[in-house]
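See structure below.
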Amino acid sequence: MSEKQDPFSAPFGTLFGDHMSVASYVDGVYDYPGAAVPMENFSMHPAAHVLHYASECFEGLKAHRQVDGSVAIFRLQDSVERMLLSIAKLRATPPSAELLSQLIIDATTANASFTPDAPGSLYIRPTFIGTAANIGAAATPSSEAKLYVINSPVGDYFPGGVRPLSIFIETDIPRTTPQFGSVKSGANYVMALGPTLDAKRDHVADQVLFASGDDVTETGASNFFLCDEERLITRNLDDSFLHGITRKSIIQIAHDMGLAVEERSIPVDELKAWSEHGEMFLSGTAAVIAPVGTVMTRGETVQVGDGQPGPTTLKLRNALTDIQTGAAEDKHGWLTPL
Ligand code: PLP
Ligand code: COI
């Protein structure tokens with residue numbers, strides 16, 4: 001990345017740090033040289049398992065420039081734990097939590113100088129890929145793999161900054177399969193792509209909120225919340241959707257603020273009725289807290305409140321970003337200083 005490239009004008013995820021950390025899994029053992037290396041292309045056999053059977057999963061977390069100028073990673077251990085679960089769901093052999101943490105810290109330390117000031121951040125992308133050259137291994141985990149971490153200086157995920165988003169509620173097509181909803185695997189994202197592109201084309205939606213079986217879960221890249229001045233409501237955890245680390249943080253912050261938190265199923269009719277008096281937002285590492293201003297179903301468009309970001313949404317967003325940047329006390333121990 002040259003100094004001219006601005007993470008606020010470049011599309012999210014298209015700029016990169018100049019280092020990466022890479023461990024190789026061969027003969028049942030992860031081998032890590034112990035330091036970040038210059039970023040370079042991989043060379044892979046065309047029969048690599050990931051290219052044929054999607055043996056891939058990843059994480060998304062961020063390092064934030066602190067108000068004192070230092071850099072700290074937000075909720076490192078939570079991402080490590082989730083990635084170990086994702087790797088296990090691919091039926092591959094997970095590394096130790098210590099090794100994965102080390103890879104994340106080494107890459108992010110090597111690229112820390114690329115961290116923009118808030119509201120920008122340094123996105124961290126740990127990735128697992130099966131690399132064994134074996135096109136017969138459709139029903140066998142890859143016997144070889146790479147585990148690596150790259151960094152991307154980022155601004156806003158949704159172009160246009162904090163603005164009310166339009167979401168289309170998809171009640172027919174699920175985002176992914178029931179057994180893989182909580183796995184952060186690339187295959188889930190390509191499955192959500194068709195309905196997302198169709199909703200963008202047909203309804204000019206920013207995002208699709210998946211609600212098959214009248215069960216509001218998540219969008220293609222974020223969790224979903226209802227809130228007002230007293231309550232915060234989001235879907236209870238099960239295997240059908242990704243257990244967002246931002247979601248978990250918001251629930252804790254809401255408790256700390258004295259909001260009543262409800263984790264339970266949300267029918268589509270309740271969501272529509274909520275739009276008359278309450279607020280809605282999306283949450284995620286990339287999305288942060290993104291207000292929802294319009295909700296669309298097939299045949300109906302509903303404005304949420306006055307269509308503008310609500311006060312509780314903005315209060316939660318500020319509380320979260322203040323902790324992430326060290327402007328507020330990190331009383332739950334969520335930051336790992338580099
Ligand atoms: N759901 C999906 C499908 C996502 O891709 C993300 C983003 O990572 C989230 C939810 C939110 O998860 P987190 O807050 O851990 O980033
Ligand atoms: C994240 O928020 O980390 C995500 O995974 C979203 C990503 C698809 C950009």
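Counting starts at 1 for both ligands and their atoms, following the listed order. Residue indices begin at 1 and follow the sequence shown. Note that these values count all heavy atoms, side chains included, but never hydrogens, waters or copies made by symmetry.
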Side chains of [X] and [Y]: do they bring a donor and an acceptor to under 3.5 Å?
| X | Y | value |
| --- | --- | --- |
| H49 | S55 | yes |
| E229 | T312 | no |
| S79 | E59 | yes |
| S21 | D106 | no |
| S152 | R125 | no |
| T108 | N151 | yes |

Open item on the list: Looking at ligand 2, would K184 count as a contact under a 4.0 Å heavy-atom criterion?
Closed with: yes
Open item on the list: Given R247, which partner from the list E263, E218, Q252 fulfils the side-chain hydrogen bond (donor to acceptor under 3.5 Å, both in side chains) test?
Closed with: E263
Numbered atoms and elements of ligand 1 in range of [X], under 4.0 angstrom, heavy atoms:
| X | result |
| --- | --- |
| R82 | 12 (O), 13 (P), 15 (O) |
| G220 | 3 (C), 5 (O) |
| S222 | 1 (N), 2 (C), 4 (C), 6 (C), 9 (C), 10 (C) |
| S283 | 11 (C) |
| T219 | 3 (C) |

Among all protein heavy atoms, pick the one closest to [atom] and tell me residue, atom and distance.
| atom | result |
| --- | --- |
| atom 8 (O) of ligand 1 | K184 NZ, 2.7 Å |
| atom 14 (O) of ligand 1 | T246 OG1, 2.5 Å |
| atom 2 (O) of ligand 2 | A286 N, 2.8 Å |
| atom 7 (C) of ligand 2 | R125 NH2, 4.0 Å |
| atom 12 (O) of ligand 1 | G244 CA, 3.3 Å |
| atom 5 (O) of ligand 1 | Y189 OH, 2.5 Å |
| atom 16 (O) of ligand 1 | T285 OG1, 2.6 Å |

Open item on the list: Closer than 3.5 angstrom, by distance alone: can the side chain of H52 be matched with the main-chain N or O of P46 as a donor-acceptor pair?
Closed with: yes
- [ ] For the pair D156 (side chain) and V162 (backbone), establish whether a donor and an acceptor sit closer than 3.5 Å, ignoring hydrogens and angles.
- [x] no
TODO: Answer yes if F58 and V149 sit in the same cluster of Ile, Leu, Val, Met, Phe, Trp and Tyr residues linked by side chain heavy atoms under 4.5 Å apart, and no otherwise.
DONE: no
- [ ] Examine I167 and I289 and state if one hydrophobic cluster contains both, with Ile, Leu, Val, Met, Phe, Trp and Tyr joined whenever side-chain heavy atoms are less than 4.5 Å apart.
- [x] no
Task: K331 and E329: CA distance, side-chain angles, deciding distance, salt bridge (charged side-chain N to carboxylate O under 4.0 Å, His left out) verdict - done: CA-CA 6 Å; K331 59 183 177 191; E329 187 195 349; 6.0 Å; no
Please say whether [X] places an N or O atom under 3.5 Å from an N or O atom belonging to ligand 1.
| X | answer |
| --- | --- |
| G284 | no |
| E218 | yes |
| R175 | no |

Open item on the list: Tell me the nearest of A221, A286, A287, G181 to atom 7 (C) of ligand 1, using heavy-atom distances.
Closed with: A221
Task: Proximity winner for atom 1 (C) of ligand 2, if only heavy atoms of Y189, Y157, Y123 are counted - done: Y123
TODO: Using non-hydrogen atoms of the residue, decide whether K248 is closer than 4.0 angstrom to ligand 1.
DONE: no
